[in-house]
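Working notes for the structure below.
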Amino acid sequence: STNTSNGSDKTLIDSNASEKTLLDRVDSVDSQDDPFIWNRQNSLAATMKEWDIPFDDLHVKEAIGKGRIGTVYRGQWHGDVAIKVLDTGSSADNDAQLAAFKLEIAVLRKTRHENLVLFMGACMTPPRLAIVTSFCKGQTLYTMIHLNRNAFKINKAIIVASQIAQGMSYLHARRIIHKDLRTKNIFVDSGKVIITDFGLFHITKLCTGVHSASFFSHSNIRKENRLRVPKGWLCYLAPEIIRSLKAMQQSQPDLPFTNMSDLYAFGTVWYELLCNDWPFRGQPCETVIWQVGRGIKQSLSLVTAPREVKEILMSCWSFRPNDRPDFSQIAKALNRIPRTRLIRSPSHPCQLSRS
Ligand code: ADP
Ligand code: MG
């Protein structure tokens, strides 16, 4: 409605007004006059209350696995849920960091899309900070590709990639940068793609637990100088991020993530889907950093796929962020991959190999 409920003429809003004007007008109305008025000052506190789940309300079951920011447990809270308990250590005492966590949570609650994991709430009382989402059945793309070695037929790869592009396009439209798009964060259940862990990357700063210590360092690098990079993470990092890693010391500083760096990461996921492998497989991290930082890409010379398939890959991996497409362009480009070629050999995986 463009009219607030008390009907006073000061609340009548011109339908031609810009969004900013609308918000300003709403803000300028005294909320004590009208309890229905959204009050910016109180909105964050109210939001937090609405999404706060007391930790004791959760029925925490077995641990499923450990990630960079904490441990994920299977649990029950009005049905099956995944509970990501943050390794906060003593840093949860830090008010600024806790406020940052709450802000990230405020962002998560804005997401409603069928290809995104359902955010259900969070435990926000230190030291027990946790994020509660719907439980994803099925497997991650990582498990399917790298552990089970399932070869995706090209038409299935296109369907999966299209759903990823749709979920990501929605996130970007909501001005949320994923920052950690990789096959470990993409589930597939009965053909449906569910993307997880969007927007959580900065929570890493809150976390001091064991897992941040497992950032590996290459043995050839002197100990005091070592670059701490989590395994399986490097190949998703766009050149501009790789270049800013040089100064990285302990955990993550503010890395320059953008929509375009998400696009680069999508390129790597697309490569994994097509080739059943990592780009730069088996190469030491310094070599990958050196190449990507200078714009050298994984060669596709031995990849026998339609031209359109490779074009998508190369455009996502463009050295200059602005040369990368956006996700709606990706979705269109995926649609344009000629299906006739797919029909010719429907029973065989796409004949791809890596150089
Ligand atoms: P990573 O993404 O590096 O695997 P996470 O902390 O995100 O680390 O996940 C730890 C484990 O929990 C992984 O095995 C992951 O597949 C699983 N997991 C994470 N989120 C969910 C979820 N919503 N539903 C089911 N399993 C999940
Ligand atoms: Mg994850």
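The structure presented is a predicted model; accordingly, all values stated were derived computationally and were not measured. Every number for a ligand or one of its atoms is a count from 1 in the order of the listing.
Under the 4.0 Å criterion applied to side-chain N and carboxylate O atoms, R74 and E62 are assigned as salt-bridge partners. Here K332 does not pair with E308 in a salt bridge; the nearest charged N to carboxylate O distance is not below 4.0 Å. One finds a salt bridge joining D56 and R128 here, because a Lys/Arg side-chain nitrogen approaches an Asp/Glu carboxylate oxygen to under 4.0 Å. Under the 4.0 Å criterion applied to side-chain N and carboxylate O atoms, K179 and D197 are not assigned as salt-bridge partners.
In terms of protein heavy-atom proximity, atom 4 (O) of ligand 1 is closest to K184 CD, 3.7 Å. In terms of protein heavy-atom proximity, atom 23 (N) of ligand 1 is closest to S134 O, 3.2 Å. The protein heavy-atom contact nearest to atom 22 (C) of ligand 1 is A82 CB, 3.4 Å. Residue, atom and distance of the protein heavy atom nearest to atom 9 (O) of ligand 1 are V72 CG2, 3.6 Å. With hydrogens left out, the protein atom closest to atom 3 (O) of ligand 1 is R182 NH2, 3.1 Å, a heavy atom. Ranking the protein heavy atoms by distance from atom 5 (P) of ligand 1 puts K84 NZ, 3.5 Å first.
By the criterion of a heavy-atom distance under 4.0 Å, both the backbone and the side chain of C136 are placed next to ligand 1. With a 4.0 Å heavy-atom cut-off, ligand 1 is reached by no atom of R74. Only the side chain of T140 comes within contact range of ligand 1, with a heavy atom under 4.0 Å; no backbone atom does. Counting heavy atoms closer than 4.0 Å to ligand 1, residue N185 contributes side-chain atoms (C-beta onward) but none from N, CA, C or O. The part of F187 lying near ligand 1 is the side chain, judged by heavy-atom distances below 4.0 Å.
The closest approach between K137 and ligand 1 stays at or above 4.0 Å for every heavy atom of the residue.
Pairing each heavy atom of A130 with each of F101, the nearest pair is O-CZ, 4.2 Å.
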Check your understanding: Would I164 and I186 satisfy side chain to side chain contact (heavy atoms under 4.5 Å, CB included), going step by step from the backbone distance to the final call?
Key -> CA-CA 8 Å; I164 300 170; I186 302 168; 3.8 Å; yes

Exercise for review: Assess whether side chain to side chain contact (heavy atoms under 4.5 Å, CB included) is satisfied between W77 and M120, documenting all intermediate values.
Suggested key: CA-CA 9 Å; W77 189 72; M120 298 179 73; 4.0 Å; yes

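Within the coordination shell of the Mg ion (ligand 2), defined by N, O or S atoms under 2.8 Å, T196 is absent. Counting backbone and side-chain atoms alike, D180 contributes no N/O/S atom closer than 2.8 Å to the Mg ion (ligand 2).
Panel note: side chain E272, backbone D277; no donor-acceptor pair is recorded below 3.5 Å. Judged by distance alone, with hydrogens and angles left aside, the side-chain atoms of Q298 form a donor-acceptor pair with the main-chain N or O of F280 at under 3.5 Å.
Within ligand 1, the atoms closer than 4.0 Å to a non-hydrogen atom of D197 are 2 (O), 7 (O), numbered from 1 in the order shown. Each of the atoms 23 (N) of ligand 1 lies under 4.0 Å from some heavy atom of T133.
Using a 4.0 Å threshold on non-hydrogen atoms, atom 13 (C) of ligand 1 does not count as touching the protein.
Checked against a 6.0 Å centroid threshold, the rings of Y271 and W278 do not count as neighbours. The ring of Y264 has its center no closer than 6.0 angstrom to the ring center of Y236.
Between the side chains of D262 and H172, at least one donor N or O sits under 3.5 Å from an acceptor N or O.
For the residues G67, G138, G65, the heavy atom positioned nearest atom 8 (O) of ligand 1 is part of G67.
Considering just the N/O/S atoms of D197, the one nearest the Mg ion (ligand 2) carries the name OD2.
For the pair T196 and ligand 1, the shortest N or O to N or O distance does not fall below 3.5 Å.
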